[in-house]
Undergrad: 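Below is a structure I'd like to ask you about.
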Amino acid sequence: MFTELNSILNTTPDSITQGEFILISDRRSDASFLIHHFLPFYLRARCKVCFLGLVQSFNHYHAISQRLGVSLLQAKEKGQLVFLEGLTESLSVLSPQETSAGTQTMDFLRDPAVGLKSLYEFVRSSLSDGTEEWGPPVLLVDDLSVLLSLGVSVGAVLDFSHYCRATVCSKLKGNMVMLTRCDGEEEEDDGDDEGSERLLKGLTHQCSLTLHVQGLPTGYCKDIHGQVEVCWRRRQCKGQYTQRKLFQYKVHDKGASFFAPGMSSAVL
């Protein structure tokens, strides 16, 4: 959990904002360190968390969370954390020897045309049942753009996020945090309905807060790992209010530092 980021977002585990859809995206950089922030953050806030880990194993997230002072294993045993290990579930679908042990959650791997209804039902049931002893429910996804490479259309992914937002944020008054990746340089829309850029644009219209991580325009620097643009989108009576702030960051073994551009201690 990153204290400086909490200060930027004006939040703590004791006073979280409910009903938020937080979108994390990256370009020429790796924003996964932000997922590793929000996971222990919401567990410390005693939220019921459903985590769709589509790119890494449970042990990977558990090892990093332990360095940040949170045990995912204990959270699972207590029923606070429901973890979908996408790699294992995919194997159970694609390998005939493992099909008997699998679920229908990843059935889109057999036929992408069926969409993500089963995945949504997994999220809904995970966060709707047995949550009385926990705080607001939270859905975390790392990373949504992987679904595109598995043959799912952009439209189906946006439908999935829309239904999850309606259930988690609106109905259950909880939060969502989703990571999506952009490939290469930002380009004009070329009409490719399966592109990561179209997915990012669609998700941006749905979310209330974006954290967009990029590499430095000047190239590699050992003391500054990149920059993150924080954008708040709030609806008001006269329309939508947008506020943007830019920060640079450096990731450490047990956290990350955030500072205004040019204010790193390494350059002062």
Undergrad: Closest heavy-atom contact between Ser25 and Ala31?
TA: O-CB, 4.0 Å
Undergrad: Name all residues meeting the salt bridge (Lys or Arg N to Asp or Glu O under 4.0 Å) criterion together with Arg181; count only those two or more places apart in sequence or in a different chain, and write none if there are none.
TA: Asp26, Asp30, Asp143
Undergrad: Working to the nearest 0.5 angstrom, can you tell me the gap between Leu158 CG and Ser153 OG?
TA: 8.5 Å
Undergrad: Is Leu179 close to Val141 at the side-chain level, that is, under 4.5 Å between some pair of heavy atoms?
TA: no
Undergrad: Checking Ser257 now: which residues fulfil side chain to side chain donor-acceptor pair (under 3.5 Å) with it, not counting sequence neighbours?
TA: His252
Undergrad: Could you tell me which residues satisfy side-chain contact (heavy atoms from CB on, under 4.5 Å) with Gln243, sequence neighbours excluded, listed by chain and number?
TA: Trp232, Arg234, Tyr241, Lys245
Undergrad: Between Phe2 and Tyr249, does the ring centroid distance fall short of 6.0 Å?
TA: no
Undergrad: Rounded to the nearest 0.5 Å, how far apart are CG of Leu127 and NZ of Lys171?
TA: 12.0 Å
Undergrad: Thr11 and Ser15: which non-hydrogen atoms are nearest, and at how many Å?
TA: OG1-O, 3.4 Å
Undergrad: Less than 4.5 Å apart, any side-chain heavy atom of Lys173 and any of Pro136?
TA: no
Undergrad: Mind checking side chain to side chain donor-acceptor pair (under 3.5 Å) for Asp159 and listing every partner two or more places apart, or none if nothing turns up?
TA: none
Undergrad: For the side chain to side chain contact (heavy atoms under 4.5 Å, CB included) test, which of Leu199, Leu203, Leu23 pairs with Ser161?
TA: Leu203
Undergrad: Could you give all pairs that pass the ring pair (Phe, Tyr, Trp, His ring centres under 6.0 Å) test and reach residues 7-29, with sequence neighbours left out?
TA: none
Undergrad: Compare every heavy atom of Ser126 with every heavy atom of Lys48, then report the nearest pair and how far apart it is.
TA: NZ-O, 3.2 Å
Undergrad: Does the side chain of Leu209 come within less than 4.5 Å of Val230's, by heavy atoms?
TA: yes
Undergrad: Under the side chain to side chain donor-acceptor pair (under 3.5 Å) rule, collect the residues that match up with Thr180, sequence neighbours excluded.
TA: none
Undergrad: Could you tell me if the side chain of Arg198 sits less than 4.5 Å from the side chain of Lys201, heavy atoms only?
TA: no
Undergrad: Measure across Leu68 and Pro40 and return the closest heavy-atom pair with its distance rounded to 0.1 Å.
TA: CD1-CG, 4.0 Å
Undergrad: Looking at side-chain heavy atoms only, is the closest gap between Ile35 and Val177 below 4.5 Å?
TA: yes
Undergrad: Can Asn6 and Thr12 be counted as having a side-chain donor-acceptor contact under 3.5 angstrom?
TA: no
Undergrad: Any salt bridge between Arg27 and Glu197, counting N to O under 4.0 Å?
TA: yes
Undergrad: To the nearest 0.5 Å, what is the distance between NE2 (His36) and CD1 (Ile64)?
TA: 3.5 Å
Undergrad: State which residues pass salt bridge (Lys or Arg N to Asp or Glu O under 4.0 Å) with Asp14; sequence neighbours excluded, sorted by chain then number.
TA: none
Undergrad: Side-chain heavy atoms nearer than 4.5 Å, only ILVMFWY residues, links allowed to pass through others: does that put Val251 and Leu246 together?
TA: no
Undergrad: Using a 3.5 Å distance criterion without hydrogens, assess whether the side chain of Gln80 forms a donor-acceptor pair with backbone atoms of Cys47.
TA: yes
Undergrad: Residues two or more places apart in sequence or in another chain: which of them pass salt bridge (Lys or Arg N to Asp or Glu O under 4.0 Å) with Glu4?
TA: none
Undergrad: Got a sec, which residues hit side-chain contact (heavy atoms from CB on, under 4.5 Å) with Asp111, two or more places apart in sequence or on another chain?
TA: Ala113, Val114
Undergrad: Only counting residues at least two apart or in another chain, list the ones meeting salt bridge (Lys or Arg N to Asp or Glu O under 4.0 Å) with Arg46.
TA: none
Undergrad: Can you tell me how far CD of Glu89 sits from CD of Glu85, rounded to the nearest 0.5 angstrom?
TA: 8.5 Å
Undergrad: Going by the rule side chain to side chain donor-acceptor pair (under 3.5 Å), which residues pair with Glu229 if we only count those two or more places apart in sequence or in a different chain?
TA: Arg244
Undergrad: Spell out, as yes or no, whether a donor-acceptor pair under 3.5 Å connects the side chain of Asn175 to the backbone of Thr17.
TA: yes
Undergrad: Could you go through Ile22 and Met176, starting from their C-alpha distance and side-chain angles, then the distance that decides it, and tell me whether this counts as side-chain contact (heavy atoms from CB on, under 4.5 Å)?
TA: CA-CA 6 Å; Ile22 301 173; Met176 294 199 321; over 6 Å; no
Undergrad: If you round to the nearest 0.5 Å, how far is CG of Leu144 from OG of Ser196?
TA: 11.5 Å
Undergrad: Examine Leu150 and Met178 and state if one hydrophobic cluster contains both, with Ile, Leu, Val, Met, Phe, Trp and Tyr joined whenever side-chain heavy atoms are less than 4.5 Å apart.
TA: yes
Undergrad: For residues Pro13 and Phe41, determine if any side-chain heavy atom of one lies less than 4.5 Å from a side-chain heavy atom of the other.
TA: yes
Undergrad: Can you list, pair by pair, the side-chain donor-acceptor contacts under 3.5 Å of residues 50-62, counting residues two or more places apart and other chains?
TA:
| unit_1 | atom_1 | unit_2 | atom_2 | d |
| --- | --- | --- | --- | --- |
| Ser57 | OG | His60 | N | 3.3 |
| Tyr61 | OH | Asp142 | OD2 | 2.9 |
| His62 | ND1 | Leu72 | N | 3.3 |

Undergrad: Are Val82 and Phe122 close enough that some pair of their side-chain heavy atoms sits under 4.5 Å apart?
TA: yes
Undergrad: Find the distance between CG (Leu116) and OH (Tyr163) and round it off to the nearest 0.5 Å.
TA: 12.0 Å
